Amino acid sequence: VVYGKEMKKYINSIITIISKNKTTILFLLLIVGIALAARIVLLDKIPTGMSDDEISFPLVARSFFYTGKDLSEQWSPLSLVKPPVNIVTVFGKVPSIIFSPYFANVNLSMFSARFPYALFGGLFVLIMFIISKKLFSTKVALVISLIIAINPWSIFFSRTAYEAPI
């Protein structure tokens, strides 16, 4: 019962913040929309082709979902031991765990392999707004969010299926 009251207070405080700062929320939604558009439009065509890592990350995630192990089926990303010596490449644990439900339910293509990474890249703008608003003013936080939204390096790495955006 205590958690329910605290949750209601939290939701009411969020509603109060949104109703007081409508212009800030509007600008933030516009900036996040720009960031998502820059990262998702023509995602299957730009950048052209896929590297071996971009192909392997979705496959490792799908393998983890179905078998609980990586592609070699000898090592689990959730284990606390080192992978066996005969495994040539060990891919990141975090993307395979986070994205395994997504990759298990979609047909693999260039767009579907890159989409969750692009989505995380767009949400990074929102996360940086929240962090910078705590450290600085709201105006500075909006400027920082806009800079990240249109930063070419941020856009590029968000459009590829690498571990870097996560």
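If you're wondering where the values come from, they're calculated on a predicted model, not measured in any experiment.
- Of all heavy-atom pairs between Ser63 and Thr67, the closest is O-OG1, 2.6 Å.
- The CG atom of Leu126 lies 10.0 Å from the CD1 atom of Ile131; values are rounded to the nearest 0.5 Å.
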**OP:** Would you check, one step at a time, whether the test side chain to side chain contact (heavy atoms under 4.5 Å, CB included) holds for Phe156 with Thr160?
**Re:** CA-CA 7 Å; Phe156 174 75; Thr160 56; 4.1 Å; yes
**OP:** Take Glu54 and Tyr162, measure what side chain to side chain contact (heavy atoms under 4.5 Å, CB included) needs, and give me the verdict at the end.
**Re:** CA-CA 6 Å; Glu54 286 185 286; Tyr162 292 116; 4.1 Å; yes
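- Scanning both residues, Ser112 and Val106, for their nearest heavy atoms gives CB-CG2, 4.1 Å.
- The distance from the OG1 atom of Thr23 to the CG atom of Leu28 is 11.0 Å, given to the nearest 0.5 Å.
- Atom CD1 of residue Ile130 and atom CG of residue Leu135 lie 12.0 Å apart, to the nearest 0.5 angstrom.
- The closest side-chain heavy-atom distance from Phe120 to Ile98 is below 4.5 Å.
- One hydrophobic cluster, built from ILVMFWY side chains closer than 4.5 Å, cannot hold both Phe65 and Leu108; they sit in different ones.
- Residue Phe136 is not grouped with residue Val143 when hydrophobic side chains (ILVMFWY) are merged at heavy-atom distances under 4.5 angstrom, including chains of intermediate members.
- Cluster note: Val41 groups with Leu42, Ile46 through ILVMFWY side-chain heavy atoms spaced under 4.5 Å, whether in direct contact or through intervening members.
- To the nearest 0.5 Å, atom CZ of residue Arg159 and atom CG of residue Leu43 are 5.0 Å apart.
- Shown here is Asn105, whose CG atom has more than 12 heavy atoms of other residues, nucleotides or ligands within 6.0 Å.
- Atom-to-atom distance recorded for Asp70:CG and Ser96:OG is 8.5 Å, nearest 0.5 angstrom.
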Could you give the side-chain donor-acceptor pairs of residues 144-155 under 3.5 Å, partners two or more places apart or in another chain?
residue: Ser145; atom: OG; partner: Ala141; partner atom: O; Å: 2.9
residue: Asn151; atom: OD1; partner: Trp153; partner atom: N; Å: 3.0
residue: Ser154; atom: OG; partner: Arg39; partner atom: NH2; Å: 2.7

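- Rounding to the nearest 0.5 angstrom, the gap separating the CE atom in Met50 from the CG atom in Asp52 is 10.5 Å.
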**OP:** Start with the C-alpha gap between Leu59 and Phe103, add the side-chain angles, then the distance that decides, and say whether side chain to side chain contact (heavy atoms under 4.5 Å, CB included) holds.
**Re:** CA-CA 8 Å; Leu59 292 175; Phe103 286 121; over 6 Å; no
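- Hydrophobic cluster membership differs between Ile55 and Tyr66, with clusters built from Ile, Leu, Val, Met, Phe, Trp and Tyr side chains linked at under 4.5 angstrom.
- For Ala61 against Ser100, the heavy-atom pair with the smallest separation is O-CB, 3.2 Å.
- Exactly one residue among Phe57, Phe115, Tyr117 makes a ring pair (Phe, Tyr, Trp, His ring centres under 6.0 Å) with Phe99. That residue is Tyr117.
- Smallest separation of non-hydrogen atoms from Pro47 and Met110: O-CE, 4.4 Å.
- One hydrophobic cluster holds both Val94 and Leu119 under the rule that ILVMFWY side chains link at heavy-atom gaps under 4.5 Å.
- Counted within 6.0 Å of CZ on Phe27, heavy atoms from surrounding residues, nucleotides or ligands total 12 or fewer; the atom is thus considered open.
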